[in-house]
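The structure appears below as structure tokens.
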Amino acid sequence: MSETSARSVTRDAPGSAARLTICMHPGLVLSDEEFFQLCRLNRDLRFERTAEGDVIVMSPTGAQSGSRNAEITRQVANWAKRDGAGVVFDSSTGFRLPNGADRSPDTAWLRRERLTPLSPEERRRFLPLCPDFVVELVSPTDALEDLQAKMEEYMANGAGLGWLIDPDRRRVHIYRPGKPTDVLADPAEVSAHPELPGLVLDTAGIWEPGI
């Protein structure tokens with residue numbers, strides 16, 4: 001087995017989180033079980049894994065980003081409870097995409113019918129599915145192009161709708177598979193129609209999180 005290398009990509013800002021990418025491929029490839037156990041043993045960190053097998057380590061988020069994430073998830077969860085057709089997941093949930101990547105969107109929604117075939121054991125681990133709807137929030141340590149690539153990955157792996165929310169620029173990038181990205185400038189609200197009828201995000205608490 002060859003020696004692995006590591007590189008860190010750190011974009012520090014006051015009160016924000018750091019990000020480290022550990023290059024594993026091709027020298028060392030973690031099995032799905034090994035990656036799951038790595039995440040379990042380091043619960044204070046958030047892990048993702050690229051389709052190539054590299055591990056991305058993210059420390060806890062800053063306060064403003066955490067407040068914004070909570071507000072987005074709250075609004076989507078309130079809609080999902082009324083709608084009843086699917087389940088909402090927060091940023092701590094792992095999804096194993098068809099291309100082999102393990103991702104944790106800031107907010108995700110999945111149709112209940114897609115969960116039905118999964119065993120109880122599968123539901124306790126990272127879900128072997130791509131969400132139907134994903135939201136990613138740009139934080140101070142994120143490079144916009146990295147998140148744009150992640151959104152394209154979700155679309156290529158089965159997501160039907162995605163929102164990339166950039167609070168500093170007050171922009172919302174709307175992703176749909178096979179279609180050009182729409183960019184909304186400082187919208188007061190964002191509608192998920194027609195994919196998710198009735199879901200409308202009020203952006204007031206995201207642009208101004210109150211902290």
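- Ion pairing between a basic and an acidic side chain is recognised when a charged N comes within 4.0 Å of a carboxylate O; Arg68 and Glu71 show no such pairing.
- Between atom CG of residue Asp54 and atom OG1 of residue Thr21 there is a gap of 7.5 Å, rounded to the nearest 0.5 Å.
- Closest heavy-atom contact between Gln75 and Val200: OE1-O, 3.9 Å.
- Put simply, CZ on Arg124 and OG on Ser119 are 7.5 Å apart, with the number rounded to the nearest 0.5 Å.
- Partners of Thr73 under the side chain to side chain donor-acceptor pair (under 3.5 Å) rule, at least two apart in sequence or in another chain, are Thr107.
- In terms of heavy atoms, Ile56 sits closest to Arg103 at CD1-NH1, 3.7 Å.
- From Ser104, atom OG reaches atom NZ of Lys150 across 7.5 Å, with rounding to the nearest 0.5 Å.
- For the atom pair CG (Asp186) and CZ (Arg170), the distance works out to 5.0 Å, reported to the nearest 0.5 Å.
- In this view, Glu113 satisfies the side chain to side chain donor-acceptor pair (under 3.5 Å) rule with no residue, not counting sequence neighbours.
- Within 6.0 Å of CZ in Arg123 there are more than 12 heavy atoms belonging to other residues, nucleotides or ligands.
- Within a 6.0 Å radius of CZ in Arg112, other residues, nucleotides and ligands contribute more than 12 heavy atoms.
- Between the Arg114 side chain and the Cys130 main chain, a donor and an acceptor come within less than 3.5 Å of each other.
- Between Asp146 and Asp142, the closest side-chain pair of non-hydrogen atoms is not below 4.5 Å.
- Here the CD atom belonging to Glu152 is positioned 5.0 Å from the OG1 atom belonging to Thr181, to the nearest 0.5 angstrom.
- Counting side-chain heavy-atom gaps under 4.5 Å among Ile, Leu, Val, Met, Phe, Trp and Tyr, the cluster of Leu115 also holds Val87, Phe89, Phe95, Leu97, Leu110, Leu118, Leu127, Leu129, Val134, Val138, Leu144, Leu147, Met151, Tyr154, Met155, Leu164, Tyr175.
- Other members of the hydrophobic cluster containing Phe133, listed by chain and number, are Ile72, Val76, Trp79, Val88, Trp109, Val135, Leu137, Leu161, Trp163, Ile165, Val172, Ile174, Leu184, Val190, Leu196, Leu199, Leu201, Ile206, Trp207; membership follows side-chain contacts under 4.5 Å among ILVMFWY residues, whether direct or relayed.
- Scored by the side chain to side chain donor-acceptor pair (under 3.5 Å) test, Glu52 finds Thr50 as partners (sequence neighbours excluded).
- Of the possible donor and acceptor atoms, none in the side chain of Glu122 sits under 3.5 Å from a partner among the backbone N and O of Pro128.
- Not counting sequence neighbours, Thr116 has no partner by the side chain to side chain donor-acceptor pair (under 3.5 Å) test.
- Criterion: ILVMFWY side-chain heavy atoms under 4.5 Å apart, direct or through other members. Under it, Met24 and Val29 are not part of a common hydrophobic cluster.
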**OP:** Apply side chain to side chain contact (heavy atoms under 4.5 Å, CB included) to the pair Val55 and Phe47, showing each step before the final yes or no.
**Re:** CA-CA 7 Å; Val55 176; Phe47 291 88; 3.7 Å; yes
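- Nearest heavy atoms, Ala101 versus Ala51: CB-N, 3.6 Å.
- Salt bridge Arg49/Asp32: present, at least one basic N to carboxylate O contact under 4.0 Å.
- Going from atom CZ of Phe126 over to atom CD of Glu48 covers 10.0 Å, rounded to the nearest 0.5 Å.
- No donor-acceptor pair under 3.5 Å is formed between the side chain of Ser91 and the backbone N or O of Pro105.
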